[in-house]
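Data first, discussion second: the structure below is written as structure tokens.
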There are 2 protein chains.
Amino acid sequence: MRVSTLGYALLGFLAARKLTGYDLARLLREPLGFFWTARHSQIYPELESLRRQGLVRFQVIVQPTRPDKKLYTITRAGRAALRKWVTEPVKSPVQRDEELLKTFSIQLGDPEEAAALYTDQLRIHRDLLQRHRRLAASLERLQGKTLLDPRSPQFGNYATLRRGIGYERERVAWYRWILARLSAPKPRTAKIRRYV
Amino acid sequence: MRVSTLGYALLGFLAARKLTGYDLARLLREPLGFFWTARHSQIYPELESLRRQGLVRFQVIVQPTRPDKKLYTITRAGRAALRKWVTEPVKSPVQRDEELLKTFSIQLGDPEEAAALYTDQLRIHRDLLQRHRRLAASLERLQGKTLLDPRSPQFGNYATLRRGIGYERERVAWYRWILARLSAPKPRTAKIRRYV
DNA sequence: GGACGCATGTAATAGGTTACATGATTAC
DNA sequence: GTAATCATGTAACCTATTACATGCGTCC
């Protein structure tokens with residue numbers, strides 16, 4: 001028995017507060033969980049595995065009007081395992097971006113359809129960028145310079161958020177570049193237009 | 001029988017030239033395949049599946065000094081399938097970044113060990129950025145403005161390379177930010193130093 | 001009446017990694 | 001000699017997605 005990466009993701013959230021499997025599923029649902037995603041069907045068995053290893057425990061909360069729930073708490077052993085893991089070297093991240101894979105062969109497709117694809121994506125990521133920025137701004141307003149202290153409990157959250165902002169900003173800029181390319185007037189098109 | 005995303009990745013490379021499974025494994029090996037990765041154990045069966053679907057075919061090349069090899073060619077049907085796929089909407093990309101997951105809880109770890117981790121990563125991504133930039137520069141020198149034509153056979157390659165550059169540049173900037181945070185003088189540390 | 005949120009689970013399948021397996025040639 | 005490159009494959013295992021399953025309360 002060992003802890004999977006998903007297990008550490010769950011421990012990471014549980015280190016801040018008590019949560020149910022349902023809560024965790026919500027946190028790891030796209031596009032909110034912007035550095036790790038998982039479905040509830042993976043989360044429930046993983047929580048059970050963490051419990052068997054003594055890294056979390058739960059208490060059942062009986063609710064009159066809603067289904068009963070299991071509120072999970074990280075144990076001392078869980079916190080120790082997480083603390084050890086965070087500074088261990090990472091494996092080089094596996095890049096799997098379907099959109100970039102399509103882009104690699106985009107010259108084969110219809111330019112107008114391609115432009116439609118990237119326009120949709122631009123909108124999605126512009127919205128995401130705005131959301132991240134708002135969240136960062138509200139954190140900054142509430143916490144101020146504490147966020148910049150690498151021992152503050154909110155430091156990791158703020159650091160990942162900054163990375164999310166940088167990532168989305170870069171993405172948006174790239175969409176704008178490719179859309180400009182796709183809609184730039186082509187000599188051939190111009191000729192056809194002139195004579196048809 | 002349907003074509004997996006990996007299948008389209010293989011078709012994408014085969015659209016440009018004939019390749020063996022071994023060649024494809026090399027192209028999809030980290031960190032070269034920066035938008036899709038796969039091992040040879042996944043590639044060989046996938047090529048066979050594409051062949052059964054009539055999207056690729058191969059010819060055996062007998063080599064006197066080296067092992068025989070299968071040189072794969074994309075078929076007309078394969079090219080059509082690829083062309084159709086490139087402009088189809090993408091599923092929202094699943095983000096799974098172990099490093100960011102660690103960052104989320106980094107305040108729990110030792111700041112010096114954390115700094116070592118990010119210093120390593122900074123070096124790796126600085127090198128990757130430089131490599132992408134050199135590749136882009138050499139492409140630009142050879143092909144010039146053709147690269148900016150979305151119908152040019154090199155357009156997709158150039159577009160993904162630009163994205164790679166943007167991505168790595170953003171990453172490097174973020175590493176610098178977090179390292180600055182981790183090594184910034186803390187009042188508490190200063191006090192301890194003064195009195196110990 | 002139907003969709004959505006809360007809440008937890010299992011089963012079947014697909015996708016991906018690691019390890020096993022073989023064997024010649026070339027470079028250090 | 002020994003490690004790396006070329007070259008192709010299979011088997012076992014782990015990880016992740018989709019689908020199946022249940023049931024109450026609230027909102028429109």
Side-chain angles (χ1 to χ4, degrees), chain A residues 1-10 18-30 32-33 35-53 56 58-72 90-98 101, chain B residues 1-10 18-30 32-33 35-53 56 58-72 90-98 101:
Chain A
M1 270 280 67
R2 52 171 284 282
V3 182
S4 68
T5 309
L6 172 61
Y8 287 111
L10 303 181
K18 297 179 184 182
L19 294 162
T20 65
Y22 187 86
D23 295 333
L24 285 163
R26 222 168 356 94
L27 288 166
L28 290 169
R29 187 170 57 191
E30 292 179 72
L32 265 165
F35 42 79
W36 207 267
T37 36
R39 310 292 167 93
H40 76 275
S41 59
Q42 216 187 342
I43 290 167
Y44 290 117
E46 187 63 37
L47 280 170
E48 175 54 22
S49 157
L50 291 174
R51 192 199 57 78
R52 279 202 305 272
Q53 290 173 80
V56 300
F58 68 81
Q59 43 187 146
V60 176
I61 310 283
V62 180
Q63 301 183 117
T65 169
R66 286 181 180 172
D68 293 357
K69 62 183 180 182
K70 294 179 177 176
L71 197 60
Y72 282 86
V90 286
K91 297 164 279 184
S92 67
V94 274
Q95 284 292 335
R96 274 199 193 93
D97 190 324
E98 202 197 335
L101 197 56
Chain B
M1 271 278 70
R2 51 171 284 281
V3 182
S4 68
T5 309
L6 172 61
Y8 287 112
L10 303 180
K18 296 179 186 182
L19 295 162
T20 65
Y22 187 86
D23 295 333
L24 285 163
R26 220 164 2 91
L27 288 166
L28 290 170
R29 187 168 60 191
E30 292 181 68
L32 265 164
F35 42 84
W36 207 266
T37 37
R39 309 293 167 91
H40 76 274
S41 59
Q42 216 186 342
I43 290 168
Y44 289 118
E46 186 64 38
L47 280 170
E48 175 54 22
S49 156
L50 291 174
R51 192 199 57 78
R52 278 203 305 274
Q53 291 173 80
V56 300
F58 68 82
Q59 44 187 147
V60 175
I61 310 283
V62 179
Q63 300 183 118
T65 169
R66 285 182 181 172
D68 294 358
K69 60 182 181 183
K70 294 180 177 175
L71 196 60
Y72 283 86
V90 286
K91 296 164 280 183
S92 66
V94 273
Q95 284 292 335
R96 275 200 192 91
D97 190 324
E98 202 196 337
L101 198 55

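Lettering of chains follows the sequences in order, A, B, ..., and the numbering in each one begins at 1. The figures here come from the full heavy-atom set of this structure, side chains too, leaving out hydrogens, waters and symmetry mates.
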Qualifying residues under side-chain contact (heavy atoms from CB on, under 4.5 Å), relative to A:E46, sequence neighbours excluded: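 Listed in chain order: A:S4, A:L6, A:L10, A:S49, A:L50.
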Nearest heavy-atom pair of A:Y22 and A:Y44: which atoms, and what distance?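 Distance-wise, the nearest heavy atoms are N-OH, 3.5 Å.
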Taking all non-hydrogen atoms of both residues, which atom of B:I43 and which atom of B:G21 are closest, and how far apart?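 Minimum heavy-atom separation between B:I43 and B:G21: CG2-O, 4.0 Å.
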Give, for atom [atom1] of [X] and atom [atom2] of [Y], the distance between the pair rounded to the nearest 0.5 Å.
X: B:L47; Y: B:F58; atom1: CG; atom2: CZ; result: 10.0 Å
X: B:D23; Y: B:L71; atom1: CG; atom2: CG; result: 7.5 Å
X: A:L101; Y: A:R96; atom1: CG; atom2: CZ; result: 11.0 Å

Between B:R39 and B:A25, is there a donor-acceptor pair closer than 3.5 Å when you use the side chain of the first and the backbone of the second?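 Not a single qualifying donor-acceptor pair exists.
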I'd like to know if the side chain of A:R29 reaches the main chain of A:A38, judged simply by a donor and an acceptor atom lying under 3.5 Å from each other, with no hydrogens or angles considered.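 Answer holds: no.
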Judged by each residue's nearest nucleotide on DNA chain D, which is more toward the 5′ side, B:S41 or B:R96?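 Result of the comparison: B:S41.
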Anything under 4.0 Å to a heavy atom of chain A counts; send over the first and last such nucleotide of DNA chain C, read 5' to 3'.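 Span of nucleotides near chain A: C:dG5 to C:dT17.
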For atom CZ of B:R2 and atom P of D:dT18, their distance in whole Å: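 Going from B:R2 (CZ) to D:dT18 (P), I get 10 Å.
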To the nearest Å, give me how far apart CZ (B:R39) and C1' (D:dT15) are.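 That distance rounds to 14 Å.
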Close N/O contacts between protein and nucleotides 5-8 of chain D (under 3.5 Å):
| from | atom 1 | to | atom 2 | distance (Å) |
| --- | --- | --- | --- | --- |
| D:dC6 | OP2 | B:Y22 | OH | 2.7 |
| D:dA7 | OP1 | B:Q63 | OE1 | 3.2 |
| D:dA7 | OP1 | B:Q63 | NE2 | 2.7 |
| D:dT8 | OP1 | B:K70 | N | 2.8 |
| D:dT8 | OP2 | B:Y22 | N | 2.9 |
| D:dT8 | OP2 | B:Y44 | OH | 3.1 |

